[in-house]
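Beneath this line is the structure, given in structure tokens, with notes to follow.
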Amino acid sequence: MTNLPKIYAPQEIEGKWYQFWQKNDYFHAAATSEKQAYAIVIPPPNITGSLHIGHALDNTLQDCLIRWRRMQGYNTLWMPGTDHAGIMTELIMERKLADEGTSRIALGREKFVERMWQWKEETSDYITSQLQQLGCSCDWERERFTYDEGSCKAVNTAFVKLYNQGLIYRDTYMANWCPNCVTVLSNLEVEPIEVDGNFYHIRYPVKESDVVLEIATTRPETMLGDTAVAVHPDDERYQHVIGKTARLPLCDREIPIIADAYVDREFGTGALKVTPAHDPNDYEIGLRHELEQRTIFTQDGHINEAAPEKYVGLSRWNCRKQVVEDLENLDYLVKIVPHRHAVGHHDRCGTVVEPAISPQWFMNVRPLAQRAIEASQKGEVRFIPERETDRFYHWMEIIEPWPISRQRWWGHRLPIWYCNACDAVVAAMETPQQCKCGASDFRQDEDVLDTWFSSGLWPFSTMGWPEETEELKTFYPTSVLVSGWDILFFWVSRMIMLGLGCMDKVPFQTVYLHGLVADEKGQKMSKSKGNSIDPLETIDTYGTDAFRFALANASTPNPYVSLPESQIESGRRFANKIWNAARFILMNLEKHPIPAGVKVVKTEQEPLEITWIRSRLSHTIKTTTEALENFRFYEAAQTLYAFLWHEFCDWYLEFAKQRIAQEKPEALWVAADVLEQTMRLLHPLMPFLTEEIWQQLLLNGTGTTSQADTSVTIAAWPEPKDENSTAETTMATLMEVIESIRSIRGELNVPIGASVEVHIQSPNSEVRERLETYLAQYLPAFTRVAGITIAESLQKPPASAEAVIGELAIYIPLADVIDLDAEHARLSKRHQQATKDVVSAQKTLDNPNFVQRAPEKVVAQKKAQLQRLLIEQEKLARSLAMLTESGGENDD
RNA sequence: GGGCGGGUAGCUCAGGUGGCUAGAGCGACAGCCUUACAAGCUGUAGGUCACAGGUUCAAGUCCUGUCCCGCCUACCA
């Protein structure tokens, strides 16, 4: 007896097979190959990270694609790697350091970076081992890191190239500043969050007049940096003060009153305080009117010497309190009105960002964005779902210069050098030897690059760029990029732009943007919200395959997908079901081994159930393949689930049991064959279980694939070649009959053990013939029968239950056990339903327009449907009448 | 303010270009330890497809409007 446990234990299977795959190098892609290339670069996870639900979904889908294409015979490359993740990683390290009682600043740049590398070495294996637990078939020999030597070279090359094209430049400009991280940020890194704030109405007296301007602001502390008051040029209320001077309270300064059309007369008091150094709009106004840019904050968000001494050194928030208190005391405060508004926060650390003026390096992404739009319009890159295309265009159209320098330490230092003698700026791969002024003393820019700059080069930096490698020739542009839609702007569009900028080609042909996993409340799952499913715990409890299946099954086209625990549970049951089906087949193969070299050949005499299951398998192969081609993972999952469980197990294996009992093992061998092919189909979704079963089947002589195949990972993807609609129709009739009988037995509570007599009446000789041929052999597998009678016409036996399928009637005499009331209720319900359907069909057909205008096929279908319904209705009516006569109650 | 997605069974969701009697999983109910699986098997119940109009022979599906929910986006101090 095959020694397989009754319950599938994933833990005992999974580790073993991953090692086997790696040992045999199945995941390694050849740099050159006759085969067509298929490549995906992984969205590199943060080195410090642990696998969260988003990774699990993202990587499961990628692995599905890669495994599927590998089986289809492509030279598949799944490029793995990790991301140094800039500020994010630094912040985590800083928390660690704080726990140790030290800090980044205390350590100093050199020590800090050293410490980061050390930590990277310690943790980076962790995330990759988790990906392996998930079954990811990455080419680990090629594993990369966004801050490794190759990436550094790519980053410097790209930077210098874009600099020389004039796309990278330095500018002093207002940008978002994080006082906590002490660095500039791009707009994307700023998350606007609605907060409850106030409008502070403040009096600004006009010099040499009794006029007092009332000005509303949400940020009173910035008044210390005010350098003007602005009103609308056409505002009648303020004509007389334009050109005059206002006295800035608390500061003992005088500021001009200017007219600028930006001011909204309707809003607030119609008078605006202008702080060019601390507000983007005021900055613009300041430029137009050549106002002083008075910066009053230090880099870490405290008040500097530009403000009155009293406030120097206060934090932004304490300063606000102090300013309000002082205004109040000096009677400059009119009122405070509660006001809810959006305030920008740094998405990584949550600090309120400060618009600030600083010299930074920018990338002019406009020209590249334009090319990206054109590439998309030409179809060089395609977005799935399609709606993402519009989001992409919109972003590319409104895109602004990208500030790429960061005042941080963990990352690629800008390849920019300044001559210590003449301050000349040089962009170069390495420290320049000599300046044009003759000096040879240079210092490198202190800043590092935005982490997205290096990850933007990922699709080609991982392939060896800037060298002209075989990998680039073979795999670039890659086939698909798989990612959540939430990083379309951060990462995907940057890759497209930088791909065009550096390679002159888009980095991937297709972008598949899957949904984000949400909890029951529709909230995106994230660790910080505490509503997250832990993939590793889930894998422990349910097994990787169950989890992966659930993820694929949840992966509908919606922007948010939900993954209730019950769905994972369902995956586990499915795995167990497959396991047991395999167990049944393997156990029986021991008694009826497949003779060497025997193939179950198709013949005229082939039993119906074999033709049928092969046809259904072909159908399943076709549907699954199409689903994967269109990134409809949920459809692939559902198709396989339905086939395996409800067709193969529920029906075919039951037929097979009969055949085995009749000493006709072909049915078993076919079962093994169908299971083997189904394991191949299911492999991309459930790699471990399918490998285990596939290997077991191989040991038992089921080798329909070529002898060279030693693993399902490289077995050929099945081909649909056995579709047979005749067999499907015949089987459908049989199934209907069997289901009707089971339904009668169930509803009338006929004991399982009781055998029943079945009488079938059908005027259709073809149907009768089919039933005569097959019913006797199949029916006993599904229900206990004492005898079967099939006739063109026959009297309904007394005290019998009845089912009607079109013109076919089934009678089951139940003399002793029949409950006439129950039978009456049953038939009555069906009669009502039939009547309803008749009315509806009749109505459609009575409409002359329908008959005239609808396609012939549809009309014919409708007519046939009505015909069938009418017959059913009539039969049911007659039987009901008979029942009533013979004493059944009609209390409907 | 603008845009996008959604509202289908108690719950989570499918329903490519309009056309079988609107489906699945989970849950519910009833009955079964039937020799692969009780993590199973069999049967049953459960839906005005958010609402109101419209187009059409035909609408869950297309159009218009309304109401909810979610998200993205915008400089209203």
Side-chain angles (χ1 to χ4, degrees), chain A residues 4 6-8 192 199 215-219 222 230 262-264 266-269 271-275 279-282 284 339 341-342 385 387-388 390-391 394-395 398 485-486 489 515-516 518 520-524 553-554 556-567 569-588 630 632 634-635 638 641-642 646 649-650 653-654 657 661 739 742-753 782-784 833-834 836-837 840-841 844 847-855 857-859 861-862 864-865 869:
Chain A
L4 293 175
K6 265 172 103 164
I7 289 173
Y8 173 56
F199 260 137
I215 291 174
T217 179
T218 52
R219 303 193 52 197
T222 62
Y262 165 77
V263 180
D264 182 350
E266 312 296 318
F267 193 84
T269 60
L272 173 71
K273 63 191 268 312
V274 183
T275 322
D279 180 277
N281 298 308
D282 294 8
E284 296 294 331
H339 176 63
H341 61 136
R387 61 170 178 262
E388 300 294 342
D390 287 337
R391 279 183 69 224
H394 180 242
W395 176 246
I398 64 162
W485 53 260
D486 54 335
F489 304 149
L516 309 180
E520 313 79 53
K521 292 180 208 121
Q523 295 279 305
K524 178 184 165 183
N553 201 26
T556 67
N558 282 343
Y560 288 92
V561 301
S562 65
L563 189 68
E565 188 115 11
S566 64
Q567 196 146 169
E569 172 65 29
S570 171
R572 171 166 72 168
R573 289 190 201 174
F574 184 44
N576 194 55
K577 185 74 180 176
I578 300 166
W579 177 256
N580 274 289
R583 207 170 136 248
F584 170 77
I585 290 167
L586 291 167
M587 273 161 36
N588 280 285
N630 292 295
R632 291 200 292 261
Y634 61 96
E635 196 185 327
Q638 279 171 12
Y641 184 97
H646 296 304
C649 290
D650 287 353
L653 288 185
E654 296 304 320
K657 279 179 192 169
E739 278 167 348
R742 288 205 294 216
S743 173
I744 287 174
R745 294 188 60 132
E747 284 189 66
L748 297 182
N749 296 318
V750 177
I752 296 292
F782 296 94
T783 190
R784 293 208 183 189
Q833 183 60 47
K836 210 176 112 194
D837 294 342
S840 147
T844 306
N847 184 340
N849 283 325
F850 171 74
V851 184
Q852 266 168 36
R853 300 196 198 178
K857 206 177 128 194
V858 175
V859 177
Q861 267 174 13
K862 209 39 147 187
Q865 185 199 334
L869 285 168

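Naming convention: chains lettered A, B, ... in sequence-line order (proteins, then strands); numbering from 1 in each chain. Just so it is clear, the model here is predicted, and its values are computed rather than measured.
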Next on the checklist: If you count every heavy atom of other residues, nucleotides or ligands that lies below 6.0 Å from His394(A) atom NE2, does the total exceed 12?
Outcome noted: no
Checklist outcome for this item: Winner on side-chain proximity to Asn580(A), out of rG5(B), rC26(B), rC37(B), is rC37(B)
Checklist entry - What nucleic acid atoms does Phe782(A) come within less than 4.0 Å of, heavy atoms only: base, sugar-phosphate, or nothing? => result nothing
Next on the checklist: Ignoring hydrogens, what is the shortest heavy-atom contact between Val274(A) and Ala230(A)? Give both atom names and the distance.
Outcome noted: CG2-CB, 3.7 Å
Item to check | C1' atoms of rG70(B) and rA22(B), separation to the nearest Å | outcome: 26 Å
Checklist entry - Taking only residues two or more places apart in sequence or in another chain, which ones pass ring pair (Phe, Tyr, Trp, His ring centres under 6.0 Å) with Phe574(A)? => result Phe549(A), Tyr641(A)
Next on the checklist: With a cut-off of less than 4.0 Å, is there a side-chain N or O of Lys577(A) near OP1 or OP2 of rC41(B)?
Outcome noted: yes
Checklist entry - Using the P atom in both, what is the distance from rA24(B) to rC41(B), to the nearest Å? => result 15 Å
Checklist entry - Roughly how far apart are Leu653(A) CG and Ile585(A) CD1, rounded to 0.5 Å? => result 5.0 Å
Checklist entry - In Å, rounded to the nearest 0.5 Å, how long is the span from CZ of Arg219(A) to OG1 of Thr275(A)? => result 8.5 Å
Item to check | Phosphate-side-chain proximity, Lys862(A) and rC20(B), N/O vs OP1/OP2 below 4.0 Å | outcome: no
Next on the checklist: In whole Å, I'd like the distance from the CG atom of Asn588(A) to the C1' atom of rC37(B).
Outcome noted: 14 Å
Protein-nucleotides 31-34 of chain B N/O pairs under 3.5 Å:
none

Item to check | Touch class at under 4.0 angstrom, heavy-atom based, for Glu565(A) against every strand present | outcome: nothing
Item to check | Whole-angstrom distance between rG43(B) and rC26(B), as gauged at atom P | outcome: 15 Å
Next on the checklist: Keeping Asn630(A) on the side-chain end and Arg632(A) on the backbone end, is there a donor-acceptor pair under 3.5 Å?
Outcome noted: no
Checklist entry - Given that Leu653(A) and Asn849(A) both sit by RNA chain B, which one's nearest nucleotide is further toward the 5' end? => result Leu653(A)
Checklist entry - Can you tell me how far P of rG40(B) sits from CG of Asn576(A), to the nearest Å? => result 7 Å
Checklist entry - On a whole-Å scale, what distance lies between the C1' atoms belonging to rU42(B) and rG60(B)? => result 32 Å
Checklist entry - Just to confirm, is there a sub-4.0 Å distance from OP1 or OP2 of rA38(B) to any side-chain nitrogen or oxygen of Arg573(A)? => result no
Checklist entry - Where the side chain of Tyr641(A) is defined as all heavy atoms beyond and including C-beta, which of rC13(B), rG25(B), rG5(B) is the nearest nucleotide? => result rG25(B)
Checklist entry - Based on Watson-Crick and G-U pairs with both distances under 3.5 Å, what dot-bracket line describes RNA chain B 5' to 3', crossing pairs as [ ] and inter-strand pairs as |? => result (((((((..((((.....[...)))).(((((.......))))).....(((((..]....))))))))))))....
Nucleotide N/O of nucleotides 58-63 of chain B paired with protein N/O under 3.5 Å:
none

What N/O pairs connect the protein and nucleotides 42-44 of chain B at under 3.5 Å? Give each pair on its own line.
residue: rU42(B); atom: O3'; partner: Arg742(A); partner atom: NE; Å: 3.4
residue: rU44(B); atom: OP1; partner: Ser743(A); partner atom: OG; Å: 3.3

Next on the checklist: Base of rA36(B), side chain of Lys6(A) - is there a donor-acceptor contact under 3.5 Å?
Outcome noted: no
Short N/O separations, protein against nucleotides 14-16 of chain B, under 3.5 angstrom:
residue: rA14(B); atom: OP1; partner: Thr556(A); partner atom: OG1; Å: 2.7
residue: rA14(B); atom: OP1; partner: Asn558(A); partner atom: OD1; Å: 3.3
residue: rA14(B); atom: OP1; partner: Asn558(A); partner atom: ND2; Å: 2.7
residue: rG15(B); atom: OP1; partner: Tyr634(A); partner atom: OH; Å: 2.9
residue: rG16(B); atom: N7; partner: Arg632(A); partner atom: NH1; Å: 3.1
residue: rG16(B); atom: N7; partner: Arg632(A); partner atom: NH2; Å: 3.1
residue: rG16(B); atom: O6; partner: Arg632(A); partner atom: NH2; Å: 2.1

Checklist outcome for this item: To the nearest angstrom, the CD-P distance between Glu569(A) and rG25(B) comes to 15 Å
Checklist entry - Looking only at heavy atoms, what is the nearest atom pair of Tyr634(A) and Thr556(A), with distance? => result CD2-CA, 3.6 Å
Checklist entry - Could you give the CZ-to-P distance, from Arg583(A) to rA39(B), as a whole number of Å? => result 14 Å
Checklist entry - Roughly, in whole Å, what's the span from CD in Glu654(A) to P in rU35(B)? => result 11 Å
Checklist entry - In terms of ring plane angle, is the pair Tyr8(A) and Trp579(A) parallel, tilted or perpendicular, where the classes change at 30° and 60°? => result tilted
Between protein and nucleotides 47-49 of chain B, what N or O pairs are separated by less than 3.5 Å?
none

Checklist entry - If you round to the nearest 0.5 Å, how far is OG1 of Thr222(A) from NZ of Lys273(A)? => result 2.5 Å
Checklist entry - How far, in whole Å, is rG15(B) from rG47(B) if one measures between their C1' atoms? => result 14 Å
Item to check | Rounded distance (nearest 0.5 Å) linking atom CG of Asp650(A) with atom CZ of Phe782(A) | outcome: 8.5 Å
Item to check | For Lys862(A), all residues meeting salt bridge (Lys or Arg N to Asp or Glu O under 4.0 Å), sequence neighbours excluded | outcome: none
Checklist entry - How does protein contact run along nucleotides 72-77 of chain B, one letter per nucleotide 5' to 3', with B for base contact, S for sugar-phosphate only, - for none, heavy atoms under 4.0 Å? => result ---BBB
Next on the checklist: My understanding is that only residues two or more places apart in sequence, or in another chain, count here; which of them pass salt bridge (Lys or Arg N to Asp or Glu O under 4.0 Å) with Glu569(A)?
Outcome noted: Arg572(A), Arg573(A)
Item to check | Residue-phosphate contact under 4.0 Å: Ser566(A) side-chain N/O, rG27(B) OP1/OP2 | outcome: no
Next on the checklist: Suppose you measure atom C1' in rU17(B) against the same atom in rU12(B); what distance do you get, rounded to whole Å?
Outcome noted: 28 Å
Checklist outcome for this item: In whole angstroms, the gap separating C1' of rC4(B) from CG of Asp486(A) amounts to 15 Å
Checklist entry - How far does the P atom of rG65(B) sit from the matching atom of rG5(B), given to the nearest Å? => result 15 Å
Next on the checklist: In this structure, how many angstroms lie between the P atom of rC71(B) and the CG atom of Leu516(A), rounded?
Outcome noted: 11 Å
Item to check | Test log, rule side chain to side chain contact (heavy atoms under 4.5 Å, CB included), inputs Phe199(A) and Thr218(A) | outcome: CA-CA 5 Å; Phe199(A) 260 137; Thr218(A) 52; 3.8 Å; yes
Next on the checklist: Measuring from atom CG of Leu272(A) to atom CG of Asp279(A), what distance do you get when rounded to the nearest 0.5 angstrom?
Outcome noted: 8.0 Å
Checklist entry - CZ/Arg583(A) to CG/Asn588(A) distance, rounded to the nearest 0.5 angstrom? => result 11.0 Å
Next on the checklist: Taking the C1' atom in each of rG16(B) and rG3(B), what is the distance between them to the nearest angstrom?
Outcome noted: 24 Å
Checklist entry - Is a donor on one side and an acceptor on the other found under 3.5 Å between the side chain of Thr844(A) and the backbone of Ser840(A)? => result yes
Next on the checklist: Rounded to whole Å, how long is the line connecting atom CG of Leu563(A) with atom C1' of rC11(B)?
Outcome noted: 14 Å
Checklist entry - Sequence neighbours excluded, which residues qualify as side-chain contact (heavy atoms from CB on, under 4.5 Å) partners of Ala864(A)? => result none
Checklist outcome for this item: Hits for salt bridge (Lys or Arg N to Asp or Glu O under 4.0 Å) against Arg391(A), two or more places apart or cross-chain, chain-then-number order -> Glu388(A)
